[in-house]
2 protein chains.
Amino acid sequence: METETEIFKKYLNKKNLKFTHERQSILKEIFLTHNHFDIESLYERLKTKGKNISRATIYRTIPLLIESNLINKAIRYKDRIYYEHIYGHKSHSHFICINCGKIIEFENDEKDKIIKRIKRKYNFKIVESKLIIRGYCKNCLKKEKK
Amino acid sequence: METETEIFKKYLNKKNLKFTHERQSILKEIFLTHNHFDIESLYERLKTKGKNISRATIYRTIPLLIESNLINKAIRYKDRIYYEHIYGHKSHSHFICINCGKIIEFENDEKDKIIKRIKRKYNFKIVESKLIIRGYCKNCLKKEKK
DNA sequence: ATTGCAATTGATATTCATTCTCATTATAGC
DNA sequence: GCTATAATGAGAATGAATATCAATTGCAAT
């Protein structure tokens with residue numbers, strides 16, 4: 001299995017783009033954990049480590065990582081977009097708790113069946129599909145009852 | 001079957017809110033057509049008819065209509081949220097063409113099954129769920145080939 | 001190594017949907 | 001009609017995302 005770096009480099013090369021220090025740091029930081037992340041917290045994490053990479057550069061790098069099929073938009077919550085790794089991860093869907101922001105992933109093979117059927121029926125070219133559930137998680141329901 | 005107005009009035013009453021002229025005009029305009037709509041175009045439509053209702057008022061009314069179960073967020077496209085009627089409409093999902101913005105609805109009973117299963121498994125309280133497909137519609141694919 | 005040049009970056013300004021503020025006005029029950 | 005409370009409009013504020021542009025960097029060719 002190729003490393004994320006190899007994949008990203010390959011993609012950049014193909015597009016005549018450069019593997020800069022900034023892009024390297026961003027990539028590394030993203031794949032350091034397995035968590036969902038948003039731009040602002042990624043910016044802060046990099047800052048903590050002495051990497052003063054501007055928000056603009058992060059905003060510019062994210063679409064490249066998406067194009068490389070390394071990450072993807074996972075879910076939107078409180079006006080922020082949360083991203084996730086997709087490289088090496090099985091397709092899944094998301095539940096998000098409106099109260100605490102907790103994201104739970106669940107497997108969901110039926111979704112792919114639906115997508116295939118729709119594709120055949122309407123002759124679409126599908127770029128992405130998402131099943132998202134919003135509500136309250138077990139913990140937040142418990143707290144509410146008190 | 002109750003009219004939209006009756007439902008909205010009932011809801012407002014319950015919450016000690018008032019059925020103002022503005023709210024009445026907004027409700028009427030929304031249910032005049034069956035199309036998906038966004039705030040800006042709704043604002044323009046009202047203006048055309050001599051109803052100079054401020055954007056703020058529209059933005060304030062939309063959540064009330066959602067709470068009344070009359071409309072719902074359907075899909076997000078180019079940083080705008082598109083709403084749709086739900087009162088009297090069968091549950092369905094959406095495909096949106098990234099190129100031309102065309103929205104196509106499709107029936108989708110499997111989704112409800114998935115949702116029920118997830119609900120049982122994780123003890124969530126589900127507030128909303130959405131299956132969204134993004135891609136290119138038949139027409140836009142044809143044009144591309146030329 | 002050096003050069004040339006397109007790509008990249010950071011700082012900052014800008015955009016644009018949405019929300020907030022607050023003084024003025026309207027609604028609904030009495 | 002009176003009164004309490006909610007609603008409105010205008011414009012300011014917010015905040016994520018994008019655009020601008022001068023200075024810098026990466027890298028292929030020399």
Side-chain angles (χ1 to χ4, degrees), chain A residues 5 8-29 36-47 49-68 71-83 101, chain B residues 5-6 8-29 36-47 49-68 71-83 98 101:
Chain A
T5 306
F8 196 33
K9 273 186 177 170
K10 226 179 243 177
Y11 169 80
L12 293 173
N13 240 303
K14 203 173 60 194
K15 297 266 180 178
N16 280 312
L17 303 177
K18 291 164 187 174
F19 189 61
T20 62
H21 293 141
E22 288 81 2
R23 288 180 180 158
Q24 186 169 20
S25 299
I26 292 168
L27 177 68
K28 194 178 164 190
E29 188 56 42
H36 298 84
F37 64 95
D38 67 297
I39 303 287
E40 189 56 26
S41 64
L42 180 56
Y43 172 75
E44 292 298 338
R45 273 163 58 188
L46 285 161
K47 204 180 206 171
K49 299 187 177 169
K51 310 270 185 199
N52 280 309
I53 296 169
S54 81
R55 267 172 262 255
T57 297
I58 300 178
Y59 274 110
R60 284 185 285 228
T61 302
I62 294 291
L64 302 177
L65 293 168
I66 293 177
E67 270 284 304
S68 309
I71 66 169
N72 215 350
K73 293 181 189 180
I75 202 161
R76 182 182 281 271
Y77 177 63
K78 294 198 175 176
D79 277 325
R80 285 191 185 182
I81 296 171
Y82 288 82
Y83 300 87
Chain B
T5 305
E6 282 163 0
F8 195 33
K9 274 186 176 168
K10 224 179 244 177
Y11 169 80
L12 292 172
N13 240 302
K14 202 173 59 192
K15 298 266 178 178
N16 281 313
L17 303 177
K18 291 164 186 174
F19 189 62
T20 63
H21 292 142
E22 288 82 1
R23 288 178 180 159
Q24 186 168 21
S25 299
I26 292 168
L27 178 69
K28 194 177 163 192
E29 187 57 41
H36 298 84
F37 64 94
D38 67 296
I39 303 288
E40 188 57 24
S41 64
L42 179 57
Y43 172 76
E44 292 299 339
R45 273 163 59 189
L46 285 161
K47 203 180 208 172
K49 297 186 179 170
K51 309 270 185 198
N52 281 307
I53 297 170
S54 80
R55 269 173 262 254
T57 297
I58 300 178
Y59 274 108
R60 284 184 285 230
T61 302
I62 294 292
L64 303 176
L65 293 169
I66 293 177
E67 269 286 303
S68 309
I71 66 169
N72 216 350
K73 292 181 190 181
I75 203 161
R76 180 183 283 272
Y77 178 62
K78 294 199 174 176
D79 277 324
R80 285 191 186 182
I81 296 170
Y82 288 81
Y83 300 88
I98 304 170

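No experiment lies behind these values; they were computed from the predicted model shown. Every chain is numbered from 1 and lettered A, B, ... according to where its sequence line falls, protein lines coming before strand lines.
Rounded to a whole Å, the CG atom of B:Leu46 is 11 Å from the P atom of D:dG9. Residue A:Tyr43 contributes atom OH, which lies 16 Å from atom P of D:dG15 at whole-angstrom precision. The CG-P distance, from A:Asn13 to C:dA6, rounds to 18 Å in whole Å.
With sequence neighbours excluded, the residues forming a salt bridge (charged side-chain N to carboxylate O under 4.0 Å, His left out) with A:Arg80 are A:Asp38, listed by chain and number. With sequence neighbours excluded, no residue satisfies salt bridge (charged side-chain N to carboxylate O under 4.0 Å, His left out) with A:Lys47.
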### Message
Treating primed atoms plus P, OP1 and OP2 as sugar-phosphate and everything else as base, which nucleotides of nucleotides 8-20 of chain C get B, S or - for protein heavy atoms under 4.0 Å?
### Response
SBB------SBBB
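Across its full length, the helix from C:dA1-D:dT30 to C:dC30-D:dG1 shows an angle of 40° between the axes of its 5 terminal pairs at either end, rounded to 10 degrees.
Contact annotation: the side chain of A:Phe37 never approaches that of A:Tyr82 to less than 4.5 Å [non-hydrogen atoms, C-beta and beyond]. Annotation: side chain of B:Tyr83 is in contact with side chain of B:Ile39 (closest heavy-atom distance under 4.5 Å).
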Pair up each side-chain donor or acceptor in residues 53-67 of chain A with any protein partner under 3.5 Å, not counting sequence neighbours, and list the distances.
| unit_1 | atom_1 | unit_2 | atom_2 | d |
| --- | --- | --- | --- | --- |
| A:Ser54 | OG | A:Ala56 | N | 3.4 |
| A:Ser54 | OG | A:Thr57 | N | 3.2 |
| A:Ser54 | OG | A:Thr57 | OG1 | 3.3 |
| A:Arg55 | NH1 | A:Glu40 | OE1 | 2.6 |
| A:Arg55 | NH1 | A:Glu40 | OE2 | 2.7 |
| A:Arg60 | NE | A:Ala56 | O | 3.4 |
| A:Thr61 | OG1 | A:Thr57 | O | 2.8 |

Enumerate, atom names and distances included, each donor-acceptor pair closer than 3.5 Å involving a side-chain atom of residues 11-22 of chain B, sequence neighbours excluded.
| unit_1 | atom_1 | unit_2 | atom_2 | d |
| --- | --- | --- | --- | --- |
| B:Thr20 | OG1 | B:Arg23 | N | 3.2 |

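Put simply, CD on B:Glu29 and CG on B:Leu46 are 5.0 Å apart, with the number rounded to the nearest 0.5 Å.
The minimum heavy-atom distance between B:Phe8 and B:Ser68, with the atom names listed, is CD1-OG, 3.5 Å.
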